[in-house]
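The structure appears below as structure tokens.
Letters go in sequence order (proteins before strands), and every chain restarts at 1.
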Amino acid sequence: MIENDALTQSDFIREIVDNDLKTGKRDRVATRFPPEPNGYLHIGHAKSVCLNFGLARQYKGTCNLRMDDTDPAGESMEFVGSIQDDVRWLGFDWEDRLFFASDYFEKLCQFAIDLIKAGKAYVCSLSADQIRAYRGTLTEPGKNSPYRDRPIEENLDLFSRMRSGEFQDGAHVLRAKIDMASPNVTMRDPVIYRIKRSGHYRMGNDWVIYPMYDFAHCLSDSIEGITHSICTLEFENNRPLYDWFVNELIEGPKPRQVEFARLNVSYTILSKRRLIELVENKLVNGWDDPRMPTVAGMRRRGYTASSIREFCSRIGVAKNDNLVDIALLEHCVREDLNESAPRAMAVLHPLKVIIDNYPEGRAEDMECANHPQKPEMGTRKVPFSNTIYIEKDDFMEDPPRKYKRLGPGREIRLRNSYVIRFSSMVKDAVTGEIRELHCTYDPDTRNAAPQDGRKVDGVIHWVSAAHAVPAMVRLYDRLFKVADPAGTEGDMTDLLNPESLEVINAAYVEPGLAQATPGQKYQFERLGYFCCDLKDSLPGKPVFNRIVTLRDSWAKIAGK
RNA sequence: UGGGGUGUCGUCAAGCGGUAAGACUCAGGCCUUUGGAGCCUGCAUUCGGAGGUUCGAAUCCUCCCGCCCCAGCCA
């Protein structure tokens with residue numbers, strides 16, 4: 001079912017894996033995708049999911065799904081559930097290997113005791129501020145904590161009492177004894193356990209001490225027999241620490257950390273902190289708002305899993321800082337939907353057209369192809385009558401030269417129907433706004449060229465006024481108005497695109513769409529791809545989300 | 001001014017000493033009952049800069065410059 005994947009792809013990570021296999025350093029590949037369940041997955045996570053699960057598939061290995069839940073603040077089952085939904089929806093399967101770092105708390109605690117016994121860890125009773133001060137700066141070495149040389153027995157006793165809840169939050173921490181003068185700040189006696197009485201979404205109040213990422217992650221990898229621990233570049237500084245813990249505590253084959261550049265996409269933001277902000281400040285309508293770069297948001301918008309996979313495959317994997325053009329994502333979506341989405345007609349901004357020489361009360365069923373290049377997708381019948389709606393944009397009172405649509409004296413083809421000619425227009429006496437158009441049709445042109453051989457260039461879509469179904473249509477656009485919001489100064493709120501959502505309450509769709517199934521995707525001809533909303537659409541009262549517009553070469557000409 | 005990483009077309013990204021892939025974007029053209037789709041064409045004499053090694057360098061060496069990450073009891 002995964003058609004477009006990485007089976008033939010290559011990148012520096014695959015080269016490393018190839019080499020580890022070839023030299024016999026490893027005889028299998030085991031990866032893991034380790035999100036912290038404190039938010040929803042976004043397109044950046046999707047890149048990591050595709051990489052980790054893709055590697056496993058390519059090398060016939062395994063990829064575990066592991067919740068990296070070592071800091072209870074902000075973690076919840078809701079997020080655990082959404083993460084599973086999203087990974088599964090993206091097309092990947094962790095089989096029976098769903099793990100939780102929190103399930104390793106007991107083992108991790110034993111590892112910490114091993115470290116203390118080896119004289120490589122100590123309980124430090126400095127305050128958070130003091131620890132910071134003792135750490136030194138980027139250019140100056142740190143100073144040893146006065147508690148650094150506590151006897152092993154005392155450390156053991158204190159750590160055990162930390163665990164049993166004898167001390168207040170923050171009273172003590174357990175630290176690795178490495179090197180306060182290391183030029184790499186992460187090696188300056190990092191904290192590995194802290195006291196936190198917040199309660200854990202899974203473990204309840206079983207624990208009051210929690211391991212830090214640097215300690216828990218590498219050991220979780222080791223426990224699971226991970227061979228290649230793939231993470232993003234900002235953890236490169238932490239690799240010596242990763243290796244230090246593993247070397248001190250693990251025998252036999254050790255996991256190898258490999259870092260790649262995290263994804264950035266133009267006109268959006270991928271920092272989890274910022275996304276949480278958007279949701280909590282109600283700047284968007286939840287994690288699955290179709291404008292969000294979250295997997296849930298993209299799914300709701302109507303993006304397909306395969307187009308997201310294709311995107312992840314096309315952007316590659318490297319170590320350069322990057323800002324991938326969102327146009328590439330949109331391209332992947334169009335490319336996929338062009339193949340699979342049945343066509344339909346919908347009028348977003350209706351302008352009434354009366355065809356004066358067409359018998360009133362008469363209706364004809366027009367046979368329409370569901371896909372112009374794919375006859376196997378069949379046809380459908382769309383009713384036509386003397387009063388139709390066309391798009392306001394498709395008429396201009398004083399059109400420019402290159403405009404190929406309706407105007408005074410002009411003739412155009414109605415898609416899947418007749419050729420009509422403009423006769424007159426009716427304007428509002430007060431506002432001057434065009435109220436309706438009167439046209440005549442050429443009866444010989446039903447799905448046929450005019451008999452006299454005259455050329456009709458323009459084609460516009462329409463819907464029969466008496467038969468069309470009113471629908472709500474939501475037009476989504478990029479969330480931010482600047483290409484690189486993350487790299488732009490100022491309040492994020494000021495950078496939001498005020499036109500990222502336009503709701504049309506009174507659009508008209510062809511009758512067949514009244515019963516559209518939520519999640520079904522269509523191409524509304526000449527407009528774009530639309531998805532019947534998963535949550536809000538009702539039979540007879542359909543709601544459609546615009547997934548992405550069609551490429552619009554007229555907009556380019558008109559914009560010049 | 002410490003340490004780690006990284007600089008190849010507008011944006012991603014191949015390239016691994018033998019003379020700059022591909023994709024997206026963009027610009028033209030063909031075709032078309034979607035100004036859609038499709039098809040064709042064009043788009044880095046040059047690889048952050050300067051030196052050097054070599055018959056030959058984006059690839060090796062030296063120096064310089066830019067950008068990113070690290071001083072959470074976050075991950």
Nearest to the [X] side chain among [options], which nucleotide is it?
X      : options                : result
A:N238 : B:rA75, B:rC24, B:rC73 : B:rA75
A:M212 : B:rA75, B:rA14, B:rU33 : B:rA75
A:N320 : B:rU6, B:rU25, B:rG15  : B:rU6
A:V173 : B:rU25, B:rU33, B:rC73 : B:rC73
A:E525 : B:rU25, B:rG2, B:rU34  : B:rU34
A:L138 : B:rC74, B:rC12, B:rG2  : B:rG2
A:R135 : B:rA71, B:rG36, B:rG10 : B:rA71
A:D71  : B:rG15, B:rC74, B:rC67 : B:rC74
A:T139 : B:rG2, B:rC12, B:rA75  : B:rG2
A:A327 : B:rC73, B:rC24, B:rG3  : B:rC24

Problem - Minimal non-hydrogen separation, A:G199 against A:P72, with atom names - result: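 Here A:G199 and A:P72 meet closest at O-CB, 3.3 Å.
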Suppose you measure atom [atom1] in [N] against the same atom in [M]; what distance do you get, rounded to whole Å?
N      : M      : atom1 : result
B:rU19 : B:rG56 : C1'   : 8 Å
B:rA75 : B:rU11 : C1'   : 29 Å
B:rU46 : B:rA57 : C1'   : 12 Å
B:rC43 : B:rG2  : P     : 45 Å
B:rC16 : B:rC39 : P     : 30 Å
B:rG66 : B:rU1  : P     : 9 Å
B:rC67 : B:rU45 : P     : 25 Å
B:rU8  : B:rG15 : C1'   : 9 Å

Side chain of [X], base of [N]: donor and acceptor closer than 3.5 Å?
X      : N      : value
A:E259 : B:rC69 : no
A:R526 : B:rU34 : no
A:N237 : B:rC69 : yes

Give one of base, sugar-phosphate or nothing for [X], where a contact means two heavy atoms less than 4.0 Å apart.
X      : value
A:L126 : base
A:R405 : base
A:S182 : nothing
A:P372 : base
A:S417 : base
A:R314 : sugar-phosphate
A:E15  : base
A:K272 : nothing

Nearest whole angstrom, please: distance from the [atom2] of [N] to the [atom1] of [X].
X      : N      : atom1 : atom2 : value
A:Y210 : B:rC74 : OH    : C1'   : 15 Å
A:H331 : B:rC26 : NE2   : P     : 12 Å
A:R175 : B:rG72 : CZ    : P     : 12 Å
A:R343 : B:rU34 : CZ    : P     : 11 Å
A:D129 : B:rA71 : CG    : P     : 15 Å
A:E330 : B:rU11 : CD    : P     : 18 Å

Practice task
Please work out which of the three classes, parallel, tilted or perpendicular, describes the rings of A:Y389 and A:Y508, given edges at 30° and 60°.
Solution key: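 Rings of A:Y508 and A:Y389: parallel, as their planes differ by under 30°.
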Practice task
Specify whether A:Y522 and A:F544 have parallel, tilted or perpendicular ring planes, treating 30° as the upper limit for parallel and 60° as the lower limit for perpendicular.
Solution key: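 Rings of A:Y522 and A:F544: perpendicular, over 60°.
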Handout entry: Side-chain touch A:P399/A:R410, heavy atoms, less than 4.5 angstrom
Key =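 A:P399 reaches A:R410 side chain to side chain.
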Practice task
Indicate yes or no: at least one non-hydrogen side-chain atom of A:E525 is less than 4.5 angstrom from one of A:L550.
Solution key: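 No. Closest side-chain heavy atoms not under 4.5 Å.
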Could you let me know what [N] is paired to, Watson-Crick or G-U wobble, both distances under 3.5 Å, or none if it's on its own?
N      : answer
B:rA21 : none
B:rG51 : B:rC61
B:rA37 : none
B:rC26 : B:rG42
B:rC67 : B:rG5

Problem - Ion pair check, A:E330 and A:R478, cut-off under 4.0 Å - result: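 Salt bridge present between A:E330 and A:R478.
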Exercise for the section: Using a strict 4.0 Å threshold on nitrogen-to-oxygen distance, state whether A:K196 and A:D169 make a salt bridge. Expected result: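 Looking at A:D169 together with A:K196, the answer is no, because their closest N to O distance does not fall below 4.0 Å.
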Problem - Qualifying residue for side-chain contact (heavy atoms from CB on, under 4.5 Å) with A:Y122, from A:L115, A:D189, A:L174, A:V173 - result: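 The single option meeting the side-chain contact (heavy atoms from CB on, under 4.5 Å) with A:Y122 is A:D189.
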Exercise for the section: Check the chi torsion on B:rG15 and let me know: syn if it falls within 90° of 0, anti if not. Expected result: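 Anti.
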Problem - Residue met sooner reading RNA chain B from 5', once A:D214 and A:D325 are mapped to nucleotides - result: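 Result of the comparison: A:D325.
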Problem - 5' priority, RNA chain B, between A:I131 and A:T186 [closest heavy atom] - result: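 That would be A:T186.
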Practice task
Could you tell me whether A:R202 sits above the aromatic face of A:F100, with NZ or CZ closer than 6.0 angstrom to the six-membered ring centre and within 45 degrees of the axis?
Solution key: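 Satisfied, under 6.0 Å and within 45°.
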